[in-house]
Each structure stands twice: as structure tokens, then as C-alpha cells.
Amino acid sequence: MAGPPSSSSWLFAALEKNLDRVGRRLAAYLRDPADEENVHDMRTSLRRLEATFALLPKKLRQKNEKQIRAYKEFFRANSEVRDCDIIRTRIEAAFIDKGEFERLFAPALDRRRKMASAKALKLAQSIENDVQPVDLGVSSRKKLAIVDGKKKLDRRAEKVVRRLAKKTAGRLPVVLADSDEKEELHRLRKDLKKLRYVLEMAPASQKKAADRILGPGIAGRLKELQDALGAIHDCDITIDYLKKAVRRKAVVELLQQELAKRDQLFEKFAKAFG
């Protein structure tokens, strides 16, 4: 997983790239917030931007605190929309009779998504109209160049990598030991995403820091590990939804199917990373 060269330009290059990506995807999202692909693309671009923010020196993070907070709030609201899409897709796929799905599940899921989407859209419009752009002007560039000349940016990147790698190393055995540790699994999945995105943009030398903590080879399998945990998480949110649904026969059968699927996914995950 090669990263950009270590120089005063790598952080600005990553930040500008991710800000541009968020801007383009925000425009697409505002044109059609109901589109599932726009929701997904918005989430991934916000995750990458959040990882970039984590690498900024403290003063620049404080200077842009309002902007960072607005992006995080929008991400959380968009996560609820994404969960609705996942639940609907998984449940609908189990029905041969689509009319039965439309009767039993679609109305409640559509209402839930509509409410979540309205909240997310309001936050997106606020970012577009009210939130000032991230402020990294000429003076900040000069200061960062000085900071980078003292290798402080590399040390900041290593600090972030080490912190995320230690969290991952601590949580992975807990999750592997108990398949019911859903909250810990969810936290592990989030830490993995942050670590993966940070390693993609930071100097390549930071991968060695992750390898020392996680063990040889794991840093190169972060996406594979993230995808495995993501599939389990999708089962978990569907299971939670079904447990709260009206206890009709169809719901009970679907719940059992999802529980069995989760067991299979967890077993595959444990074999791959245990």
C-alpha cells in the first residue's frame, strides 16, 4: 500500500483531493438525495475527508472546528439513510412475492428512510449554503511547510496511525472471541476504515508502524477485513430491525435466515483473521 512521498505537499494534496471529491459528490447528492449510489458515495468521501482532518496539526483542526463538526453531523445523518437502504435490500431479496414485501415491509421502511433523508438533506443544504470552506490559506501553507521541515507532520501521521492500529489490535481479539460483541465489532469496523484511509494518504513509512502493532501482513488486508466486518454489520442492523417488527410468520422466518447468514459470515471472518 504505497503512499505519497514525504514532503510538505503530501497533506495538502490529500486534503485538496478529498475536499474536491466531497464537493462533487455533495453536488450530486443535492441533485438527487434519494439515489442510493449518491448516499453511498457521499459517505465514503466524508470518511476519507475525516481521516484527512485527523492528520492536520491541532491549530488547523481548531481553526476549522465548525466545518469538521458539520461534515461529521451530516455523515451520521446519512448513515441512517444508508441503513434503511441496506435493510430494504436484504429483506426484499428474500421475497419471491414482491407484493408481499410491499405490503408487509415497504411502507414502514419508506417512512423511516424519508425522515432520515429529510434530516440529512437539511444538513447537506446547510453545508452548501452556510458553512464556510475549510480555511487553509497561504499563511497556513507556509506554516505547514515549516512544520513539515521539522518532520512534525510525519510524527503526527505516525501518532494517528499508532493510535488507530492499537485500537484495532485491542478490539480484534475481543470480537473474534465473542460473536455477540456487536458494539465492539462496529467500533472495530470504524477504526479500520480510518486507519485504511490514513495509510492511503500518509507517507508509505507509516505502514511499517501499523505492521509493527498489528503484525505482518494485516495492514495490507485492511480492506478485506473491513469488508468482512461490513457484511456482518449489515446482517446486524437487519436483525435488529426484524426483532422490532410485528411478529408475523414471515418476520420470524426472515429473522432466522439472517441469524444463520450472520453465523456463516462470522465463521468465515474468524477463519480468515483468527
Side-chain angles (χ1 to χ4, degrees), residues 1-19 21-22 43-58 60-61 68 71-72 75 79 144 147-179 181-233 265-266 268-274:
M1 187 184 298
S6 179
S7 71
S8 60
S9 64
W10 71 263
L11 183 54
F12 275 118
L15 184 61
E16 289 176 344
K17 179 180 179 180
N18 287 320
L19 282 170
R21 182 189 288 118
V22 166
R43 279 171 47 81
T44 56
S45 63
L46 287 169
R47 273 291 190 210
R48 291 179 185 277
L49 182 60
E50 182 183 354
T52 317
F53 283 147
L55 296 173
L56 292 173
K58 184 176 181 180
L60 281 178
R61 296 200 306 275
I68 294 171
Y71 283 121
K72 286 184 176 180
F75 177 87
S79 294
L144 268 187
V147 167
D148 191 62
K150 298 178 180 178
K151 300 299 182 183
K152 288 186 178 180
L153 286 184
D154 282 3
R155 289 198 291 273
R156 171 66 188 169
E158 184 169 357
K159 181 180 178 180
V160 173
V161 167
R162 289 179 63 84
R163 174 171 54 81
L164 291 171
K166 284 181 179 179
K167 283 185 177 182
T168 299
R171 286 180 172 143
L172 186 55
V174 175
V175 171
L176 285 167
D178 186 352
S179 63
E181 284 282 358
K182 294 182 180 180
E183 285 301 317
E184 199 69 4
L185 184 147
H186 183 51
R187 294 188 189 101
L188 173 60
R189 190 172 62 91
K190 292 196 294 185
D191 288 339
L192 281 168
K193 284 185 179 181
K194 292 176 184 177
L195 178 59
R196 176 188 158 207
Y197 294 151
V198 166
L199 287 175
E200 283 180 358
M201 72 185 81
S205 59
Q206 304 308 331
K207 182 178 177 293
K208 295 179 181 178
D211 276 332
R212 286 194 294 269
I213 296 169
L214 295 172
I218 295 296
R221 299 179 68 191
L222 292 181
K223 187 178 188 306
E224 181 187 350
L225 180 52
Q226 175 190 324
D227 289 346
L229 292 173
I232 296 171
H233 178 69
L265 288 170
F266 188 87
K268 183 178 179 181
F269 156 69
K271 285 182 178 179
F273 296 96

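Residues satisfying the ring-ring contact (aromatic ring centres under 6.0 Å, His included) test with Phe266, not counting sequence neighbours, are Phe269.
Residues Leu214 and Ala165 approach most closely at CD2-O, 3.5 Å, considering heavy atoms. For the pair Met201 and Ala51, the tightest heavy-atom approach, listed with the atom from each and the gap, is CE-CB, 4.0 Å. Shortest non-hydrogen contact noted between Ile232 and Leu185 is CG2-CD1, 3.8 Å. For the residue pair Leu176 and Ala270, the shortest heavy atom distance occurs at CD2-CA, 3.7 Å.
Ion pair Arg48/Glu200 flagged as a salt bridge, since at least one NZ, NE, NH1 or NH2 atom sits closer than 4.0 Å to an Asp/Glu carboxylate oxygen.
With rounding to the nearest 0.5 Å, the separation of CZ in Arg162 from CD in Gln206 is 10.0 Å. Separation of atoms CZ (Arg163) and CD (Glu158) is listed at 13.0 Å; rounding is to 0.5 Å. Atom NZ in Lys271 sits 10.5 Å away from atom NZ in Lys268 (nearest 0.5 Å). Taken to the nearest 0.5 Å, the NZ atom of Lys193 stands 10.0 Å off from the NZ atom of Lys190. Taking CG of Leu60 as the reference point, atom CG of Leu11 lies at 8.5 Å (rounded to 0.5 Å). Taken to the nearest 0.5 Å, the CZ atom of Arg21 stands 5.0 Å off from the CG atom of Asn18.
By the 4.5 Å heavy-atom criterion applied to side chains, Arg156 and Pro57 are not counted as neighbours. Residues Leu49 and Leu15 have side chains in contact (heavy-atom distance under 4.5 Å, counting atoms from C-beta outward). Annotation: side chain of Tyr197 is in contact with side chain of Arg47 (closest heavy-atom distance under 4.5 Å). Taking the side chain as every heavy atom from C-beta outward, Arg43 and Phe75 approach each other to under 4.5 Å.
A donor-acceptor contact shorter than 3.5 Å is absent between the side chain of Ser179 and the backbone of Val175.
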Could you tabulate the donor-acceptor pairs under 3.5 Å formed by side-chain atoms of residues 222-230, not counting sequence neighbours?
residue: Lys223; atom: NZ; partner: Asp227; partner atom: OD2; Å: 2.9
residue: Glu224; atom: OE1; partner: Arg221; partner atom: NE; Å: 3.1
residue: Glu224; atom: OE2; partner: Arg221; partner atom: NH2; Å: 3.0
residue: Gln226; atom: OE1; partner: Arg196; partner atom: NH1; Å: 3.1

Go through the steps for Asp191 and Thr168 under the test side-chain hydrogen bond (donor to acceptor under 3.5 Å, both in side chains), then give the verdict.
CA-CA 6 Å; Asp191 288 339; Thr168 299; 5.2 Å; no

